[in-house]
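Worth knowing before you read on, the calculation uses all heavy atoms, side chains too, and leaves out hydrogens, waters and symmetry mates. Residue numbers begin at 1 in each chain, while the letters A, B, ... track the order of the sequences. The structure displayed is predicted, hence computed values, not measured ones.
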Number of protein chains: 2
Amino acid sequence: MASVSRVLNGLPATEEMVERVQRAVEQLGYVPDSRARSLKVGRTFQLTLAVADVGNPVYVTMMRAVEEVVSAAGYRLVVTTTGPDVVDEVALVRGMARGYADGLVISPLRVDDDLIKSIQECEVPVVVAGNVPARAGVDTVRANSPKGMLLAVEHLLAKGRRRIAFVNGPVDTVPGAARAKGFAEAMKANGLQPVAEVEAVDFTFPAGREAGDELFSKLDNRAPLGLDAVIAANDLLAVGLMHELAARGLVVPDDVAVVGMDDSELAEQSFPPLTSVNLGSAERGRRAAELLLARIEDDTRAPRRIVVQPTLSVRKSTP
Amino acid sequence: MASVSRVLNGLPATEEMVERVQRAVEQLGYVPDSRARSLKVGRTFQLTLAVADVGNPVYVTMMRAVEEVVSAAGYRLVVTTTGPDVVDEVALVRGMARGYADGLVISPLRVDDDLIKSIQECEVPVVVAGNVPARAGVDTVRANSPKGMLLAVEHLLAKGRRRIAFVNGPVDTVPGAARAKGFAEAMKANGLQPVAEVEAVDFTFPAGREAGDELFSKLDNRAPLGLDAVIAANDLLAVGLMHELAARGLVVPDDVAVVGMDDSELAEQSFPPLTSVNLGSAERGRRAAELLLARIEDDTRAPRRIVVQPTLSVRKSTP
DNA sequence: GTGAAAGCGCTAACAA
DNA sequence: TTGTTAGCGCTTTCAC
């Protein structure tokens, strides 16, 4: 009956009708089917957030921020994991055509032309939390990695550390590439040469440990501890690295200072608490969600590219 | 056209028809609408996992396990967060009647009669990863907290620690209540009296620090450090506590041994690495997912109640 | 093996 | 203001 639908959607009806419907709904425990509804009205009132790895605490921060904005606007947020492969990301974006949600926030680890194409062709609005080329013409919210690296390097410099090594994640990823570029620039701008650079296999804790090990095998030929500071591309790598340092009897920050990136919950949980570059993951999440909502309202707006500026959260891992 | 549907669903068709459809699909980029499909067939091929707090690493482990089982069975997993309030959990369960998914795995932090009722009345099968009364008649997979506590206490005892304190989470939660009971039993079974017990406001890192602080204010009246070991109700509390210990100049494990629970990724990431009771979160996730799939196949089966046995992961936070 | 047609549960347009 | 009806996009009879 159409009157039920009207009452439930708050459209005009007699007081008596409203009451009659409410009683029936109560009695039968009736709940409208969202699939049928969305099939009819063309909207699901659900939004999807896709992240590469739920184990990475930076996504926790982002997720919370997105959830907040989105639920305040009356949407349900569903989170899915893509894994590290770009093909799975593409599959997910393509899959949005099945009508799972009204929009998508995706934070892709790797980007290729297929992914960009799938985003451009996507049935529903997509906002990228990360860096895609401007020519892609999609809404993006990204961090300023170079600026973040500058904060890290200059902080270390101010603390008298000049022999700086760098533990990056895979450079074929979006953040990996950005960090590599940013680190090189920041070092150059300060007239420094990196003591060593290693590339971890991914952005996880165990990869950080392994990268630490590799770092030392590279340095073994050098003078008595050729480094006094390490910058890691994210907090998980930084913490893995600190474990490797400890295993070698080195004290953070006395022997080696460590700076992470993301300023995730892990940074304050680690010991010593980790000085970390806050790349604004909460704000990026918030802005991405807002962009998505705006895009859903008006699909003709010109794509926006928002850059969130970093800050440095100084903790005990640097002197 | 019905033939398209047949081809796409692998029903018998001429080779020519198959090819014709495939070409058209390719050309138009056609993707079937899952809402319309599920409206017709009555299944969404989606499953929901609801957790209280995405920031708790124990859920990461569980999520991964559920995801693996579920996707192998051809289902899509969507994750939603409920928050700590039981009313939101109830709302989520009730909301499943809207047809979001074919089943639900929920790991409730707090359980009341409303929640049990909503689960019993739920339109789709629900598996509880946690403890609900047997009379509820629902599939459950739960940990054996008492046994886990026994492992923790006996391990400490074997290491010569007898002055044991306990940092629990809120006792009005399912895990909080189970831990409290388990701790009391385990201590009693070994003829020990707890040195002190505190109840954190929730199961988070900052709550662990505060609880540590409270612990010391309780102990100040006692002999020179009245305790030599602390058991925490989960890893986040344990890590928070360790920070508080460090802030007071105490060394783990030399001065105070610490045992956590959950054996999450955080346990190995923390420093020193945390000895932790593995309550089988991965296995619980796996079993819960399997139970859900089985229940979807056959809704007449008697409810099963699976208990996963704990093990102890010994690391450096105990001597 | 294929096309036509009904219908899943809802809402928007129309008529009363 | 309310009831009737069509149709969202799909699958599944049912004839052919």
(request) Scan residues 24-35 of chain A against DNA chain D and write down, sorted by residue number, each residue with any heavy atom closer than 4.0 Å; if none is found, say none. (result) none
(request) Taking Ser34(A) for its side chain and Arg98(B) for its backbone only, find out whether a donor-acceptor pair lies under 3.5 Å. (result) yes
(request) Return one dot-bracket line describing DNA chain D 5' to 3' (Watson-Crick or G-U wobble pairs, both distances under 3.5 Å; ( ) same strand, [ ] crossing, | another strand, . none). (result) |.||||||||||||||
(message) Quick one about Ser118(A) and Arg94(A) (side-chain donor to acceptor, distance below 3.5 Å, no hydrogens or angles considered), yes or no?
(response) no
(request) State whether the side chain of Thr61(A) and the backbone N or O of Ser264(A) hold a donor-acceptor pair below 3.5 Å, judged by distance alone. (result) no
(request) Take the protein atom CZ of Arg37(A) and the nucleotide atom C1' of dC8(C), then report the distance between them rounded to whole Å. (result) 17 Å
(request) Starting from C1' on dC10(D), measure out to NZ on Lys40(A) and report it in whole angstrom. (result) 15 Å
(message) Looking only at the side chain of Ala36(B) (C-beta and beyond, no hydrogens), which of the listed nucleotides dG9(D), dC10(C), dG1(C) gets closest?
(response) dG9(D)
I'd like a list of close polar pairs between nucleotides 13-16 of chain C and the protein, N/O only, cut-off under 3.5 Å.
unit_1, atom_1, unit_2, atom_2, d
dA13(C), N6, Arg6(A), NH1, 3.4

(request) Evaluate whether atom CZ of Arg304(A) has more than 12 neighbouring non-hydrogen atoms of other residues, nucleotides or ligands under 6.0 angstrom away. (result) no
(request) Under the ring pair (Phe, Tyr, Trp, His ring centres under 6.0 Å) rule, collect the residues that match up with Tyr59(B), sequence neighbours excluded. (result) none
(request) Mind checking the CG-CZ spacing from Leu291(A) to Arg305(A)? Nearest 0.5 Å is all I need. (result) 11.5 Å
(message) I need the CG-P distance between Leu39(B) and dT11(C), as an integer number of Å.
(response) 12 Å
(request) Using a cut-off of strictly less than 4.0 Å, decide whether Ser3(A) has a side-chain nitrogen or oxygen near OP1 or OP2 of dG3(D). (result) yes
(request) Could you tell me the separation between the CZ atom of Arg35(A) and the OG atom of Ser38(B), rounded to the nearest 0.5 Å? (result) 4.0 Å
(request) Answer yes when Arg179(B) and Asp262(B) have at least one side-chain N-carboxylate O distance shorter than 4.0 Å, and no when they do not. (result) yes
(message) Output the rounded distance in Å from CG (Leu11(B)) to P (dT11(D)).
(response) 9 Å
(message) Can you tell whether the side chains of Arg110(B) and Asp88(B) come within less than 4.0 Å, N to carboxylate O?
(response) no
(message) Measuring from atom CD1 of Ile106(A) to atom CG of Leu104(A), what distance do you get when rounded to the nearest 0.5 angstrom?
(response) 5.5 Å
(request) Quick one: list whatever passes ring pair (Phe, Tyr, Trp, His ring centres under 6.0 Å) with Tyr30(A), sequence neighbours left out. (result) none
(message) Rounded at 0.5 Å granularity, tell me how far CD1 in Ile119(B) sits from CG in Asp139(B).
(response) 11.0 Å
(request) Pull out every residue in residues 41-48 of chain A that has a heavy atom closer than 4.0 Å to any atom of DNA chain C, ordered by number, or say none. (result) Val41(A)
(request) Please report, rounded to the nearest Å, how far the C1' atom of dG9(D) is from the CG atom of Asn9(B). (result) 13 Å
(request) Give a yes or no on whether the backbone of Val7(A) and the side-chain of Gln22(A) come within a donor-acceptor separation of less than 3.5 Å. (result) no
